[in-house]
Amino acid sequence: MTTSPSIVIIGTGFGGIGMALELTRAGIDDFILLERGGDVGGVWRENTYPGAECDVPSPLYSYSFEPNPSWSKRCAPQAEIQRYLRGLAGKYGLLGRIRFESEVTAAEFDDATGTWTVRLADGDVLRAGIVVSAVGQLSRPALPELPGLETFTGAAFHSAEWDHAVDLRGKKVAVIGTGASAVQFVPAIQPDVAALTVFQRSATWILPKPDTDYGPVRRALFERVPPVLLAERLAWWTLCETVSLSIVDIPAIRPIVSRISTRHLERQVADPVLRAKLTPDAPPGCKRGLFSNDYFPALARPNVHLETTGIAEITPTGVRTADGTLHEADVIIYGTGFKGTEFLWPMSVTGSGGRKLHDEWAGGARAFKGITVPGFPNLFLLYGPNTNLGAGSIVHIIESQTRYIRQAVELLRRCPGHVLDARPEVEAAYDAEIQGRLDRSVWNFCTSWYRNAAGRITNNWPGTVTGYRRVTRRLNLADYRLAPAARAESQE
Ligand code: NAP
């Protein structure tokens, strides 16, 4: 079956839903959304591990034009965030425009017609004038490359693919990884399990989590006096913007962060050996900052052991560390993160003149303002290369991007038959500037999912969300070639 909407949006997480809301609010409705899963929500649909919730305050981690006075607490749980997105999809009439269980395998640009052919895993084909990818950076779980991984005979799963059928009560559980996901699910499962061994490869700075129950009085206030909720949003925005400055421009903020984190550790962990293991050696911000009030106390419980010796292999019965010790386990949980630097994988994206996106990105993903790639006309990326944040709400970044892309859509609607292609020299200058700033960032001091194998920082934006809003406020036509289809390749 072939259908031909004007705009295809791939993904229905915060990015895809945000794009659809922006278009709808602008009176544009000739779009459809493709979703590989059976519901909206993106990472907030997929990550159902115990304790899953946002560590960015929800009044900030929501669309500016759709404040939610009903958050049960400041750092809302996963199900509530997904409900928020599903509610908006219903409110704005998007549900009828979403094709669920529709995974995109390929997209090809046709120079002659200036249209994209979008192929789905079930064999269906769509043709569209504009494609917006909103597949996110954290949608593909990464398992560690450890010898013997497949030989383990107990239950094993990744945190983003939590197997709720596995009863952890009374079990010996091994957790590999200590990132943002693990610090949430470790305290949630610790009381149930017989024994928990947490394998930490490197320590990360953990800050007190600024969570609080909102309660009925505060919720009523948010509902009846909207400026109160706005003030809450502004307060967190200001704090995040300040912390963002520590990443490149004001390194003097870093010791303040590490001091707060060290005090938090000292208050919560009495054992000097455990404290030493939990003290990071890279500066704060190098790996994503973590927030938790119950992770350190969970690690200090008698049924928990924090193992910092490197893992040599997985055996049929557990995890063997480099010192030869076998840590027996009934269940292994991989909190080992995502293939964050493999943007748009495993989709095959072919642009103008047959160029392949993943060939263009052999040295690392890059895009003009994180949104457009030269040679891939009328293709727009949400949460693309170098738009992730060290501190702050990614929803703010996504809103900047959807506004920018909406301007491109309006321009293309005014010029039927035309395609918009980022100028290579403009993208090159932009990339050089961003990478120059990134060279001075704290992210160079350790390895993380922000950098690819060659060490290039492909994921993160080196500034504040205000800086990104400024950069994306207006689509400047001089940055692009706007040309009739078939001439996109040649026109200067
Ligand atoms: P992550 O931050 O990438 O952490 C992965 C963990 O696995 C790290 O501790 C890493 O160690 C460890 N690891 C990876 N390979 C390993 C190996 N071969 N052997 C031993 N350890 C290994 O993943 P995540 O915790 O799933 O979080 C990913 C991102 O999702 C976060 O940074 C955040 O952006 C987002 N997230 C957000 C929230 C939220 O509340 N907003 C919650 C969860 C996740 P090293 O540190 O040594 O590399």
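In each ligand, atom 1 is the first atom listed, and ligand 1 is the first ligand listed.
- Interface atoms of ligand 1 facing Thr178, defined by a heavy-atom separation under 4.0 Å, are 6 (C), 8 (C), 9 (O).
- Atoms of ligand 1 lying under 4.0 Å from any heavy atom of Asp55, numbered from 1 in the order shown and given with element: 39 (C), 40 (O), 41 (N).
- Atom 26 (O) of ligand 1 has Ser181 OG, 2.7 Å as its closest protein atom, hydrogens excluded (heavy atom only).
- Within ligand 1, the atoms closer than 4.0 Å to a non-hydrogen atom of Ser202 are 45 (P), 46 (O), 47 (O), numbered from 1 in the order shown.
- Rounding to the nearest 0.5 Å places CD of Glu307 at 8.5 Å from CD1 of Ile311.
- Under 4.0 angstrom from ligand 1, the non-hydrogen atoms of Phe338 all belong to its side chain.
- Scanning the protein heavy atoms around atom 5 (C) of ligand 1, the nearest turns out to be Gly335 O, 3.3 Å.
- At the top of the distance list for atom 3 (O) of ligand 1, counting protein heavy atoms only, stands Trp449 CD1, 3.4 Å.
- Residue contacts with ligand 1: Ala180 is placed with a nitrogen or oxygen under 3.5 Å of a nitrogen or oxygen of the ligand (distance criterion only).
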Yes or no on side-chain contact (heavy atoms from CB on, under 4.5 Å) for Ile394 and Tyr383, after CA distance, side-chain angles and deciding distance? CA-CA 8 Å; Ile394 199 62; Tyr383 195 18; 3.4 Å; yes
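- Here the closest heavy-atom approach between residue Ser393 and residue Val465 is recorded as O-CG1, 4.3 Å.
- No N or O atom of Ser159 sits closer than 3.5 Å to an N or O atom of ligand 1.
- For a disulfide, the SG atoms of both cysteines must be under 2.5 angstrom apart; this fails for Cys54 and Cys75.
- Counting only heavy atoms of the protein, atom 1 (P) of ligand 1 lies nearest to Gly337 CA, 4.0 Å.
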Could you walk me through whether His327 and Phe199 satisfy the ring-ring contact (aromatic ring centres under 6.0 Å, His included) test, starting with their C-alpha distance in whole Å, then the side-chain angles of each, then the deciding distance to 0.1 Å, before giving a yes or no? CA-CA 10 Å; His327 303 263; Phe199 293 88; 5.3 Å; yes
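- Residue, atom and distance of the protein heavy atom nearest to atom 4 (O) of ligand 1 are Gly179 CA, 3.6 Å.
- Remark: ligand 1 atoms within the under-4.0 Å shell around heavy atoms of Tyr49 are 42 (C), 43 (C).
- The protein heavy-atom contact nearest to atom 31 (C) of ligand 1 is Arg288 CD, 3.4 Å.
- Protein heavy atom in closest approach to atom 12 (C) of ligand 1: Gly177 CA, 3.6 Å.
- Proximity annotation for atom 15 (N) of ligand 1: of Glu145, Arg201, Lys209, Arg201 comes nearest, heavy atoms only.
- Considering CZ of Phe152 and CG of Leu146, their distance stands at 13.0 Å, rounded to 0.5 Å.
- With ligand atoms numbered from 1 in the order given, ligand 1 contributes 29 (C), 30 (O), 34 (O), 35 (C) to contacts under 4.0 Å with heavy atoms of Leu138.
- Taking a cut-off of under 4.0 Å to the non-hydrogen atoms of Pro144, the atoms of ligand 1 that pass are 17 (C), 18 (N).
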